[in-house]
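What follows is one structure encoded as structure tokens, with my remarks underneath.
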Amino acid sequence: MWNYTEKVIEHFRNPRNVGEIKNPDAVGEVGNIICGDALRLTLRIDKKTDKIIDAKFQTFGCASAIASSSALTEMIKGMTIKKASKITNKDIADYLGGLPNEKMHCSVMGMEALERAIDNYRGVPTKKEMVGEEQIVCKCFSVTDKKIIRAIKENNLKTVEEVTNYTKAGGGCGKCKPEIEKLLQEFWGKEATKISRPKKELAGKKSTNLQRIALIQDTIEREIRPQLKADGGDIELVDIDRNKVYVKFLGTCLGCPSTGVTLKNLVESKLKEFVKEDIVVEEVKE
Amino acid sequence: MRVVYVDNNATTMVAPEVFEAMKPFLQGQYGNPSSMHAFGGRIHKNIDSARESVADLLGANDPQEIIFTSCGTESDNTAIMSTLRSYPDKKHIITTKVEHPAVLNLCKYLETAGYRITYLSVDNEGMIDLNELKSSIDEDTALISIMYANNETGVIFPIEEIAEIARARKLILHTDGVQAVGKIPFKLTELPVDLLSISGHKLHAPKGVGALYVRKGTRFTPFLIGGHQEGGRRGGTENIASIVGLGVACRLAKKTIKEERTRIKNLRDRLENTLLQHIPRTRLNGNKKNRLPNTSNIGFEFIEGEAILLMLDEKGIAASSGSACTSGSLSPSHVLRAMGIPFTFVQGSIRFSLSRYNTAGDVDYIVKRLPPIIKRLRGISPYRAS
């Protein structure tokens with residue numbers, strides 16, 4: 001059973017503004033019966049003041065979809081179009097005292113219906129008509145890349161699971177999950193470069209000290225040790241200080257005249273390749 | 001508030017007789033039946049007697065064909081894994097698209113481990129095509145696992161015919177009997193399945209106990225590896241109280257099944273017919289004839305199941321739904337989708353499942369309260385019959 005707030009249950013049981021305004025000044029429709037939820041919002045707007053005088057809804061969906069629609073109509077009545085256009089899905093969820101994570105898409109549906117209604121009032125072509133520019137990522141629920149990126153941005157989403165909770169994308173067959181992952185990476189990659197200067201330097205490093213150390217260890221284990229071991233030698237990581245990596249050679253490597261060459265050629269080049277270009281390797285001798 | 005519980009395919013009430021029989025083993029008689037001393041050892045006879053009761057309800061030849069487990073899922077997992085381990089060269093399993101997750105998700109996991117799985121499709125009444133089954137069998141097939149009756153629609157599969165096909169090809173047949181046992185009579189001496197799973201809490205025993213029927217002569221490899229319990233076929237100290245409970249539940253079922261089967265069917269039919277007749281734009285999901293007597297799955301067009309359930313809940317009526325919102329995922333029930341139920345109905349499908357504790361008054365209560373709920377939600381919905 002879902003952990004709904006009392007306010008969600010109250011709006012579900014006694015939904016406000018159910019129905020349809022005859023000859024409305026604006027209509028916003030989202031969702032469809034296949035998705036499992038759909039909302040039709042009709043508005044009466046005073047054209048002199050741009051104020052929403054009346055709002056009514058019809059919803060196909062679960063308790064939180066009905067409650068979100070009811071909350072939305074209550075919120076926007078009396079608002080100017082300009083103010084209403086700033087309402088986000090989070091505002092709707094907050095109005096209801098929160099929604100379960102898996103149900104956040106119900107608040108997104110409310111926001112989208114409102115946007116479409118406002119576009120409709122302003123005579124702007126609706127998102128639905130613009131779908132040509134967008135790519136459908138999730139075929140099961142017809143979710144576009146634009147919608148996913150917007151949800152990522154506005155709700156600070158970091159995982160595929162979160163994207164599914166907010167947009168439904170990936171919740172059907174799951175085949176688009178790698179694409180959602182890519183959108184997340186692209187978005188957060190872009191975001192990281194947008195951050196102001198000092199942070200940019202940090203971002204430029206791309207990894208923390210801990211990650212760098214782990215990567216050095218991993219490279220030695222995977223790329224270097226097997227080669228040395230094949231020749232009866234071995235290597236031990238002694239210390240790491242900024243870009244300097246201190247290692248000790250063991251086994252037949254000890255006292256081998258070619259150690260110097262091995263050191264430069266193998267270890268350093270591998271670490272430069274897999275970790276960072278500026279790495280310098282130093283041999284520690286007993 | 002009055003509670004009308006019609007979600008008995010999810011779980012059932014523990015019968016008062018079952019609870020009474022369990023009590024001594026939760027209090028004074030806590031001994032371990034494997035012990036040498038009489039305080040523990042004498043409890044063994046209670047397990048034996050429970051085993052006889054389970055075998056009797058199933059119409060099995062020998063109580064030794066019954067292994068107690070912890071749940072239906074363990075029974076299903078044991079049956080499938082035991083067969084695969086007993087026939088290590090065979091890498092193909094045949095099952096259906098509408099199995100319980102205990103079978104379906106295990107098969108999906110086995111696919112990642114190198115097994116090939118055939119998921120038989122079902123028609124719009126939830127029935128499989130035996131020709132598809134026949135043509136799916138090949139040299140590599142280890143096992144056929146097909147449920148006896150579906151938990152969501154109550155549809156009963158033709159296990160007798162499936163068993164004939166399996167036998168002719170010398171294949172192991174497992175059937176998940178969790179929903180069927182206790183609701184319809186069984187006679188395994190005449191029904192040649194090799195493995196059959198049952199779950200205690202679906203037939204008025206407590207949760208946490210199940211059983212697996214393993215026909216004599218069937219190759220078996222334990223799933224839970226441990227002590228010598230259950231004849232070395234399932235390790236772990238026996239859940240005595242629950243096993244005793246399951247035994248009593250099976251005795252009660254055996255005693256009442258003949259009358260209850262008809263009585264429950266009549267209640268179900270009245271509930272179903274009244275709803276279908278009095279509420280427009282409804283449909284029955286599943287084959288009407290080949291069905292468990294207690295289950296009815298009805299689709300209400302243009303509205304969503306979770307909303308219906310919560311409004312029923314407000315009236316004290318406990319049912320369940322195959323809608324996406326209630327399944328915990330975003331997709332509606334895999335069973336209804338496999339059947340190709342129209343999208344306008346699938347999200348608004350409600351399952352009513354009765355038990356011997358339901359009364360004519362319960363049916364009256366539901367048929368009076370459900371129609372206004374459907375009307376109200378349809379009043380909110382943007383969809384209408386065109």
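Around atom CG of A/Asn156, more than 12 heavy atoms belonging to other residues, nucleotides or ligands sit under 6.0 Å away. Within a 6.0 Å radius of OH in B/Tyr119, more than 12 heavy atoms belonging to other residues, nucleotides or ligands are found. Within 6.0 Å of NZ on A/Lys177 lie no more than 12 heavy atoms contributed by other residues, nucleotides or ligands. Annotation for A/Glu161: atom CD does not count as buried by contact number, only 12 or fewer foreign heavy atoms lying within 6.0 Å. Within 6.0 Å of the NZ atom in A/Lys83, the count of heavy atoms belonging to other residues, nucleotides or ligands does not exceed 12. Atom NZ of A/Lys90 is surrounded by 12 or fewer heavy atoms from other residues, nucleotides or ligands within 6.0 Å. Counting heavy atoms of neighbouring residues, nucleotides and ligands inside a 6.0 Å radius, atom NZ of A/Lys51 does not exceed 12 of them.
Atom CD1 of B/Ile308 is separated from atom SG of A/Cys62 by 12.0 Å, given to the nearest 0.5 angstrom. Here the straight-line distance linking atom CD1 of B/Ile380 with atom CZ of A/Phe60 works out to 12.5 Å at 0.5 Å rounding. Atoms OG1 and CD1, from A/Thr59 and B/Ile303 in turn, are 13.5 Å apart once rounded to the nearest 0.5 Å.
Within the 4.5 Å cutoff, the side chain of B/Leu310 has heavy atoms near those of the A/Tyr4 side chain.
Shortest non-hydrogen contact noted between A/Ala38 and B/Pro382 is O-CG, 4.3 Å. The two residues A/Gly61 and B/Ala307 make their nearest non-hydrogen contact at O-CB, 3.7 Å.
Using a 4.5 Å heavy-atom cut-off against chain B, the contacting residues of residues 6-21 of chain A are A/Phe12, A/Arg13, A/Asn14, A/Pro15, A/Val18.
The closest donor-acceptor contact from the side chain of B/Glu304 to the backbone of A/Asp37 lies at 3.5 Å or more, if one exists at all.
Proximity to chain A is absent for every atom of B/Arg378, based on heavy atoms less than 4.5 angstrom apart.
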